[in-house]
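Just so you know, these numbers use all the heavy atoms, side chains as well, and skip hydrogens, waters and symmetry mates.
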Amino acid sequence: MKKTAFCLPVLLLAAFAAQAQDVPGCPQLPAGTDLIWEHRNTGGSDFCRALRPDGTEAFGVYIAKDSPFEPQRSNREEEGLVDGREVRWYRAELVTKPDIEARETLLELDDGRVAHIWLQARSGDQLRRALNLTGQLHFGRDRQVAGQ
């Protein structure tokens with residue numbers, strides 16, 4: 001009986017964590033992260049922020065037919081993969097936070113919309129971790145609901 005009483009809270013926490021990551025309109029978060037989505041739907045677009053347990057933003061995603069982000073060739077930085085697709089990350093300048101490294105990219109989705117992904121990091125190590133996390137996002141057809 002004690003073993004069952006101990007396992008029940010653990011199973012409930014695991015179920016809650018899985019549910020917290022499964023937010024319609026947002027891409028699927030990588031398995032094993034402690035991130036949760038904060039989601040807002042505004043008609044034909046989805047605004048998703050991946051939040052750490054302390055409430056800070058790990059990265060964000062804006063999914064819509066068009067994106068206000070227009071990549072500048074002079075700001076090209078890393079090449080990478082997101083959901084198995086090649087992307088180019090661009091350096092973003094944060095005037096009020098000159099010590100923060102920021103990146104953003106665009107990803108064309110199968111349904112004709114585009115995902116604008118951005119992240120901010122305080123160090124090169126944190127930047128590499130954030131790029132790795134965003135690389136593991138999954139944008140499946142079942143993940144995209146706004147405007148459909």
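A side-chain donor-acceptor contact under 3.5 Å links Asp54 and Thr56.
By the 6.0 Å contact criterion, CD on Glu108 is open, its count of non-hydrogen atoms from other residues, nucleotides or ligands being 12 or less. Counting non-hydrogen atoms of neighbouring residues, nucleotides and ligands closer than 6.0 angstrom, the CZ atom of Arg91 exceeds 12 such neighbours.
One distance of note links OG1 of Thr105 with CD of Glu86; it measures 11.5 Å at 0.5 Å rounding. Note that CD of Glu57 and CD of Gln120 are 6.5 Å apart. Values are rounded to the nearest 0.5 Å. Rounding to the nearest 0.5 Å gives a distance of 11.5 Å between OG of Ser67 and CG of Leu107. For the atom pair CD of Glu104 and CD of Glu77, the computed distance is 12.0 Å after rounding to the nearest 0.5 Å. Atom-to-atom distance recorded for Gln28:CD and Asp83:CG is 9.5 Å, nearest 0.5 angstrom. Rounding to the nearest 0.5 angstrom, the gap separating the OG1 atom in Thr134 from the CG atom in Leu81 is 10.0 Å.
Exactly one residue among Val82, Val87, Leu119 makes a side chain to side chain contact (heavy atoms under 4.5 Å, CB included) with Leu131. That residue is Leu119.
Linking ILVMFWY side-chain heavy atoms closer than 4.5 Å, directly or via other members, places Phe59 and Val23 in a single hydrophobic cluster. In terms of hydrophobic clustering, with Ile, Leu, Val, Met, Phe, Trp and Tyr side chains grouped at heavy-atom distances under 4.5 Å, Leu35 and Phe139 are assigned to a common cluster. Under a hydrophobic-cluster definition in which Ile, Leu, Val, Met, Phe, Trp and Tyr are linked whenever side-chain heavy atoms come within less than 4.5 Å, directly or via other members, Trp89 and Trp118 are assigned to different clusters. Two different hydrophobic clusters hold Tyr90 and Leu133 under the rule that ILVMFWY side chains link at heavy-atom gaps under 4.5 Å. Under the 4.5 Å side-chain heavy-atom criterion for Ile, Leu, Val, Met, Phe, Trp and Tyr, Leu137 and Leu127 are members of the same hydrophobic cluster.
Annotation: side chain of Tyr62 is not in contact with side chain of Phe69 (no heavy-atom distance under 4.5 Å). Between Val61 and Trp37 the shortest side-chain heavy-atom distance falls below 4.5 Å. Side-chain contact check for Ile63 versus Ser45: every heavy-atom pair is 4.5 Å or farther apart. Side chains of Arg76 and Arg88 form a contact here, defined as non-hydrogen atoms less than 4.5 Å apart. Looking only at side-chain heavy atoms (C-beta outward), Asn75 and Arg103 stay at 4.5 Å or farther from each other. Annotation: side chain of Lys65 is not in contact with side chain of Val114 (no heavy-atom distance under 4.5 Å). Proximity of His138 to Pro27: side-chain heavy atoms (C-beta onward) are nowhere separated by under 4.5 Å. Residues Arg52 and Asp34 have side chains not in contact (no heavy-atom distance under 4.5 Å, counting atoms from C-beta outward).
Heavy atoms only, all atoms of each residue included: His39 and Cys26 are closest at CD2-SG, 3.4 Å. Residues Leu94 and Ala102 share a closest heavy-atom pair of CD1-CB, 3.8 Å. Residues Glu38 and Arg40 come closest through the heavy atom pair OE1-NH2, 3.7 Å. The two residues Val95 and Pro98 come nearest to each other via the heavy atoms O-CD, 3.8 Å.
With hydrogens and angles disregarded, a donor-acceptor distance shorter than 3.5 Å links the side chain of Asn41 to the backbone of Gly43.
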Ile100 and Glu93: side-chain contact (heavy atoms from CB on, under 4.5 Å), yes or no, with the steps?
CA-CA 9 Å; Ile100 298 291; Glu93 303 293 329; over 6 Å; no
